[in-house]
Amino acid sequence: MSEDTIQRLFRPFSQADASTARKFGGTGLGLSIAKKLVELMGGRIAVSSTEGVGSVFAFTIPLPHVDETEGILVRALSRELSTPTSSNFGNVRVLVAEDNHVNQMIATKMLQKLGIAFTIVENGREALEVVMSGTQYDLILMDCQMPDMDGYEATRLIRVAHDRRYADLPIIAMSANVLPADKARCFEVGMSDHIGKPVKATQLASVLEKWLKRVGRVGSVESLRI
């Protein structure tokens, strides 16, 4: 980008190339909003660019230092899950399809707290391969947006398999997309239920209990505070 373009880039309703709005959409507000948010947090945002080569956008904000590698989010979750839990999920096995490592850690802590055995895979293709290999699972927690193969396609392929076990296997969508149309898409491909992200432990326990009872893997949660 030219220097003149950079000077007006963070102004509301401004775009580097007017044709961008016609080709890709957008209003020219994104960088303006980003700048305001960064400044509200005491930081600054900047761009360096070589015309015809490329651009680098970067921001800095002051944050407290964290020594633990798991970070603030996971440590806070650990404190919230410190209350003793009484559950009766028995020998339940759950398959978790989730590509985000933070979400994997959260799911791990919640399922461990409930005493549930689980396996984590990182995309829909891996989930499909594990299920079709014959490994027995009582329920699948399926992220919708994943690389290689998303949760929608993986669920559809599991459902069309000519095996009664796969037809009745509860597949629970886990997604930040919570609008009615988003939920409808989950149900259209054969998902059994929907949990919105960020996932709450009480909600997860309730949905697990509901579907495990339906397939005869009775489980109950007598106390769980989050």
Side-chain angles (χ1 to χ4, degrees), residues 66-131 135-147 149-152 154-155 158 168-179 182-183 186-187 189-226:
V66 179
D67 293 324
E68 295 84 349
T69 57
E70 286 187 337
I72 296 173
L73 177 63
V74 176
R75 289 191 291 111
L77 179 67
S78 297
R79 289 195 299 270
E80 289 175 333
L81 289 175
S82 61
T83 302
T85 303
S86 175
S87 62
N88 184 32
F89 283 111
N91 296 318
V92 168
R93 287 175 56 85
V94 169
L95 177 63
V96 181
E98 170 64 67
D99 65 307
N100 183 281
H101 289 175
V102 172
N103 289 337
Q104 287 179 4
M105 286 191 289
I106 291 172
T108 293
K109 289 182 179 294
M110 289 182 178
L111 292 172
Q112 286 176 340
K113 191 66 180 178
L114 293 169
I116 292 177
F118 61 92
T119 301
I120 293 180
V121 295
E122 298 207 349
N123 58 61
R125 189 173 303 281
E126 291 182 6
L128 181 65
E129 290 173 353
V130 169
V131 171
T135 305
Q136 297 296 308
Y137 288 97
D138 301 297
L139 182 143
I140 300 177
L141 295 173
M142 184 79 78
D143 183 24
C144 292
Q145 304 293 340
M146 292 181 288
M149 180 186 289
D150 62 30
Y152 303 112
T155 299
I158 290 172
D168 295 336
L169 179 64
I171 303 178
I172 313 302
M174 296 193 303
S175 174
N177 300 324
V178 296
L179 294 177
D182 299 318
K183 294 181 179 180
C186 293
F187 298 137
V189 299
M191 293 183 179
S192 311
D193 212 330
H194 181 285
I195 299 177
K197 292 180 178 178
V199 178
K200 295 182 179 179
T202 48
Q203 181 187 21
L204 176 62
S206 176
V207 171
L208 288 173
E209 181 178 6
K210 169 185 171 182
W211 288 99
L212 290 171
K213 280 185 175 179
R214 290 194 182 188
V215 295
R217 302 290 290 173
V218 178
S220 63
V221 179
E222 297 172 11
S223 63
L224 179 60
R225 190 181 69 191
I226 184 79

Side chain to side chain, F118 and T108, heavy atoms closer than 4.5 Å: yes

Taking the side chain as everything from C-beta on, heavy atoms only, tell me whether R214 gets closer than 4.5 Å to K210. yes

What closest approach, in Å, do P170 and W211 show between heavy atoms, and which atom pair accounts for it? CB-CB, 3.9 Å

Here the gap from K200 atom NZ to M110 atom CE, rounded to the nearest 0.5 Å, amounts to 10.0 Å

Pairing of K197 and D143 as salt bridge, 4.0 angstrom limit: yes

Give the minimum heavy-atom separation between Y137 and V94, together with the two atoms involved. CD2-C, 3.6 Å

Non-hydrogen atoms of C144 and M191 that approach each other most closely: SG-CE, 4.2 Å

Measure the spacing between CG of L111 and CD1 of I106 and express it to the nearest 0.5 Å. 11.5 Å

Looking at T202, is its backbone amide N or carbonyl O close enough to the side chain of S206 to form a donor-acceptor pair, meaning the two atoms are under 3.5 Å apart? no

G196 versus V178, closest heavy-atom pair with distance: CA-CG1, 3.8 Å

With a 3.5 Å distance limit and no angle check, can you tell me whether T155 reaches the backbone of G190 through a side-chain donor-acceptor pair? no

If you look at every heavy atom in C186 and Y152, which pair is closest and at what distance? SG-CE2, 3.9 Å

Say you draw a straight line from CE of M174 to CD of E98; how long is it, rounded to the nearest 0.5 Å? 5.0 Å

Working to the nearest 0.5 angstrom, can you tell me the gap between L141 CG and I195 CD1? 6.0 Å

Minimum side-chain heavy-atom gap N123-E126 below 4.5 Å: yes

Expected output: side-chain D138 to main-chain R93 donor-acceptor under 3.5 Å: yes

How about L95 and V131: do any of their side-chain heavy atoms sit closer than 4.5 Å? yes

In short, A97 meets A127 closest at the heavy-atom pair CB-CB, 4.0 Å

H194 side chain to D182 backbone, donor-acceptor under 3.5 Å: no

Mind checking whether I158 and I171 have side chains closer than 4.5 Å, heavy atoms only? yes

Short N-O contact, E209 and K213, less than 4.0 angstrom: yes

Check whether any side-chain N or O of Q145 sits under 3.5 Å from a backbone N or O of D150 as a donor-acceptor pair, and report yes or no. no

Nearest 0.5 Å, please: how far is CG in L169 from CG in L139? 7.0 Å

Rounded to the nearest 0.5 Å, how far does CD of Q104 lie from CG of N100? 7.5 Å

